[in-house]
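Position 1 is the first residue of the sequence, and the numbers go up from there. What you see is a predicted model; the values in this text were computed from it and never measured.
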Amino acid sequence: FPVTILTEDEAIQLVAEVLDLGFLHKNEDKFTNDFVKGTPDVITTDLIIDTKVSWNANTFPWFESELPNKDYYWQMQAYMWLTNRKKALVTYCLINTPYLILEDEIRREHWKQNLIGESQEVRDYVEAQHNFDHIPKDERVKVFEIEYDEHVINTAKEKIQIARAYYNELMK
């Protein structure tokens, strides 16, 4: 399993705690319209929350002031469109790597170093790269707020219709 799937519930609870949002639960409902479909992580009465779990401290957007991955902007626009919400949060979370994945990483590092037996030094090094308990919780969540943009939705509709027309031409 990707690390995000294994840590998603923990990330949602971390976001709820850090942002003081009370209890949040993982959304399982799938939404669709004539143009897009999706399953937002969390839907509240007034916003969408999507959690992104960073692989390690090097992939966490510590100093970013703008959303690092622009694809997530479009994803949030689609989710807001599908759920009739006007605000979305993309939340990057720094969560400890699950045990099974951590053990794979330790084996991989041993292999990279051409080591046959277990080295405690290698184990300690890898574990340190994937454990963030020493970082305060409020520093392990980075929030990027996105507002619904009707113009973006209309542009997406137009581009989807053009793409569908092109596809239909190719299929003739």
Side-chain angles (χ1 to χ4, degrees), residues 1-33 35-110 122-149 152-153 156:
F1 290 101
V3 71
T4 304
I5 292 170
L6 294 173
T7 58
E8 194 167 52
D9 288 339
E10 187 178 349
I12 289 169
Q13 295 318 309
L14 178 63
V15 167
E17 182 181 339
V18 168
L19 300 182
D20 196 24
L21 296 174
F23 177 76
L24 296 177
H25 73 279
K26 168 77 175 120
N27 168 60
E28 301 292 340
D29 294 333
K30 296 174 185 348
F31 295 85
T32 187
N33 64 26
F35 295 91
V36 296
K37 60 184 173 180
T39 307
D41 288 346
V42 175
I43 305 169
T44 72
T45 54
D46 59 346
L47 63 95
I48 297 294
I49 302 171
D50 206 61
T51 56
K52 308 297 181 187
V53 177
S54 295
W55 176 247
N56 60 30
N58 295 329
T59 62
F60 186 77
W62 298 102
F63 306 108
E64 301 290 337
S65 58
E66 293 184 16
L67 187 61
N69 185 330
K70 300 304 178 206
D71 292 343
Y72 296 151
Y73 173 82
W74 291 94
Q75 180 185 19
M76 294 307 100
Q77 290 294 331
Y79 286 171
M80 288 186 283
W81 181 19
L82 289 166
T83 62
N84 199 29
R85 301 301 190 277
K86 301 301 179 202
K87 183 175 159 185
L89 304 178
V90 175
T91 59
Y92 284 79
C93 298
L94 203 49
I95 302 291
N96 292 344
T97 301
Y99 175 78
L100 291 175
I101 295 174
L102 178 62
E103 288 299 310
D104 282 343
E105 288 303 302
I106 291 167
R107 279 191 292 281
R108 189 172 288 116
E109 186 62 30
H110 278 87
V122 169
R123 175 173 283 281
D124 292 345
Y125 168 77
V126 174
E127 286 177 350
Q129 300 301 308
H130 293 274
N131 182 295
F132 311 106
D133 291 338
H134 60 286
I135 301 171
K137 287 182 179 181
D138 64 326
E139 293 177 24
R140 294 176 18 205
V141 175
K142 180 76 176 212
V143 178
F144 297 92
E145 189 174 313
I146 298 169
E147 298 291 330
Y148 179 79
D149 186 334
V152 166
I153 298 304

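Heavy atoms from other residues, nucleotides or ligands lying under 6.0 Å from NZ of Lys37 number 12 at most. Counting non-hydrogen atoms of neighbouring residues, nucleotides and ligands closer than 6.0 angstrom, the NZ atom of Lys86 exceeds 12 such neighbours.
Here the rule is side chain to side chain donor-acceptor pair (under 3.5 Å) with Tyr73, and of Lys70, Gln77, Gln75 only Gln77 fits it. Among the candidates Asp41, Ile49, Val143, the single residue satisfying the side chain to side chain contact (heavy atoms under 4.5 Å, CB included) test with Val15 is Ile49. When each of Thr91, Leu24, Asn27 is tested with Ile12 by the rule side chain to side chain contact (heavy atoms under 4.5 Å, CB included), just one qualifies, namely Leu24.
Taken from CH2 in Trp55 to NE2 in His130, the straight-line distance is 5.5 Å, to the nearest 0.5 Å. The OG1 atom of Thr39 lies 7.0 Å from the NZ atom of Lys26; values are rounded to the nearest 0.5 Å.
Ala16 approaches Gly22 most closely through the heavy-atom pair CB-O, 3.1 Å.
A donor-acceptor pair is defined here as one N or O able to donate and one able to accept, closer than 3.5 Å; such a pair exists between the side chain of Thr44 and the backbone of Leu47. Listed for the Asn131 side chain is a donor-acceptor partner under 3.5 Å among the backbone atoms of Asp133. At distances below 3.5 Å, at least one donor-acceptor pair connects side-chain atoms of Arg140 with backbone N or O atoms of Leu94. Although no hydrogens or angles enter the test, the distance criterion places no donor-acceptor pair under 3.5 Å between the side chain of Asn56 and the main chain of Gln129. Looking at Arg108, its side chain never comes within 3.5 Å of a backbone N or O of Ile106 through a donor-acceptor pair.
Side-chain contact between Tyr125 and Val122: absent, with no pair of heavy atoms (C-beta onward) separated by less than 4.5 Å. The closest side-chain heavy-atom distance from Phe35 to Trp81 is below 4.5 Å. Looking at heavy atoms from C-beta onward, Lys87 lies out of side-chain contact with Ile48 at the 4.5 angstrom threshold. Contact check for Ile95 versus Leu14: side-chain heavy atoms found under the 4.5 Å cut-off.
Using a 4.0 Å cut-off between charged nitrogen and carboxylate oxygen, Glu103 and Arg123 count as a salt-bridge pair.
A cation-pi arrangement is absent between Lys142 and Tyr92 under the rule of less than 6.0 angstrom and at most 45 degrees off the ring axis.
Using bins of under 30°, 30° to 60° and over 60° for the plane-to-plane angle, the ring pair His25/Phe23 lands in the parallel bin.
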